[in-house]
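Taking it in order: structure first as structure tokens, then the write-up.
Lettering of chains follows the sequences in order, A, B, ..., and the numbering in each one begins at 1.
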Number of protein chains: 2
Amino acid sequence: MKRELDHKLHLRNIKPTAMRQLVLHVLTEQSTAISLPELEQIFDRADKATLYRTLKTFEKNKLIHRINDGAGPVKYALCQDTCKCQPEDLHVHFLCTKCNQTYCLTEIPIPDITLPAKFSFENVNMVVKGVCANCAI
Amino acid sequence: MKRELDHKLHLRNIKPTAMRQLVLHVLTEQSTAISLPELEQIFDRADKATLYRTLKTFEKNKLIHRINDGAGPVKYALCQDTCKCQPEDLHVHFLCTKCNQTYCLTEIPIPDITLPAKFSFENVNMVVKGVCANCAI
DNA sequence: TCTGACTTTGCAACCCGGTTGCATCAACTT
DNA sequence: AAGTTGATGCAACCGGGTTGCAAAGTCAGA
Ligand SMILES: [Mn+2]
Ligand SMILES: [Mn+2]
Ligand SMILES: [Zn+2]
Ligand SMILES: [Zn+2]
């Protein structure tokens, strides 16, 4: 277990401190994305700034990606092992309006868009809102 | 001029107060979306809460729509006259990474997505990032 | 025209997510 | 052991967003 976490950190060139192991452990347990405030509640003895900087480090090193679903705080989810956070790694996200959980739809790539003349493409964010399978009646 | 603004307000069932006329006037002048903090700077004598509630009223009555481009504050842009803020009215937005302006690409509808089983669709937000025509070299 | 109900505005204060400065602590190098 | 670097903890701050409340404005009915 701990081995695998350390390995994941190592692959992304992140030094395996105790804090980082704990945070990564929590992240791997989630089936949906998690925000900094949620993380604060899970570790109620940990410092917000440390958690914040841990997420920053993870994001910079492409261990996690940030998701802006438009509903409150930014959320984070683990990247796939092969992810380089390039356009081809981008996928659709889904925000459930009932449970407020945000899902990575990693198998759904974002469709191509034809931009107006002289507009160049760098990146794209696509969030679908609706009701998730868990919340469906 | 003032006639047209009042007419727009009337069409959306918004009482034409002085404040609302001023804000709508500013909104019609913009070619890109504008945030509440930006609006505060334009009217530096106006109260933030009043501007805030004015935007809320406009949004509720579908005179403007909110754009969450993931870069700082929420921005707002005028809806088309025919807009009912339904899925068919949704369009792609474009955030320029150089000038930080957000464009409504009203002629580009958001492509359909096939969601996983039991996930239902309500809404979608799509923001493309890149460099706009004005900032292109 | 006066009155009372309702809406809008202005001001102040607050909330919360995000961010930073700084001192301390831990790990690693020489 | 001493020095260097990076990580952590704590406190404070910032900015966008939001609310409570009283004053001002609007307007219909008496
Ligand atoms: Mn994702
Ligand atoms: Mn738009
Ligand atoms: Zn759900
Ligand atoms: Zn631009």
Between [range] and DNA chain D, which residues have a heavy-atom gap below 4.0 Å?
range: residues 44-57 of chain A; result: A/D47, A/A49, A/T50, A/R53
range: residues 7-19 of chain A; result: A/K15, A/T17, A/M19
range: residues 30-38 of chain A; result: none

*Close aromatic pair by centroid cut-off 6.0 Å: A/F94 and B/F119*: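 Ring centroids of A/F94 and B/F119 are less than 6.0 Å from each other.
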
*Does any non-hydrogen side-chain atom of A/I67 lie less than 4.5 Å from one of A/Y76?*
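The answer is no, as the side chains (C-beta and beyond) never meet within the 4.5 Å cut-off.
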
*Answer yes or no: is there a side-chain heavy-atom contact under 4.5 Å between A/H91 and A/C104?*
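Side chain of A/H91 against side chain of A/C104, heavy atoms only: contact under 4.5 Å found.
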
*asked:* Enumerate the ring-ring contact (aromatic ring centres under 6.0 Å, His included) contacts for residues 4-52 of chain A, please, sequence neighbours excluded, ordered by first and then second residue.
replied: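 Those involving residues 4-52 of chain A do not exist here.
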
*Check B/I108 against A/T114 and note the closest heavy-atom contact, atom names and distance.*
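Nearest heavy atoms, B/I108 then A/T114: CD1-O, 3.2 Å.
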
*So, for B/V131 and B/A136, which heavy atoms are closest and what is the spacing to 0.1 Å?*
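Where B/V131 meets B/A136 most closely, the heavy atoms are CG1-N, 3.8 Å.
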
*Would you give the length of the straight line joining atom CE of A/M19 to atom CG of A/L24, rounded to the nearest 0.5 angstrom?*
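So the CE of A/M19 and the CG of A/L24 are separated by 11.5 Å.
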
*Quick one: hydrophobic cluster around B/V127, which other residues, with the 4.5 Å side-chain cut-off, linked directly or via members?*
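B/L95, listed by chain and number.
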
*What are the bounds, 5' to 3', of the part of DNA chain C that sits under 4.0 Å from heavy atoms of chain B?*
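So the contact region on DNA chain C extends C/dT7 to C/dA12.
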
_Atom-to-atom span, CG of A/L22 to C1' of D/dA7 - whole angstrom_ =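 Distance, rounded to whole Å: 14 Å.
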
_Of A/R12, A/R20, A/K15, the residue whose pairing with A/T57 passes side-chain contact (heavy atoms from CB on, under 4.5 Å)_ =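 Of the listed options, the one satisfying the test is A/R20.
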
_Pair A/D69 + A/K129, salt bridge at N-O below 4.0 Å_ =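 No salt bridge links A/D69 with A/K129.
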
*Between A/R66 and A/E59, is the closest basic N to carboxylate O distance under 4.0 Å?*
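Answer for the salt bridge query: yes.
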
*asked:* Within the 3.5 Å criterion, strictly below it, is a donor on B/Q80 or B/D89 matched to an acceptor on the partner's side chain?
replied: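 The answer is no; no qualifying pair exists.
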
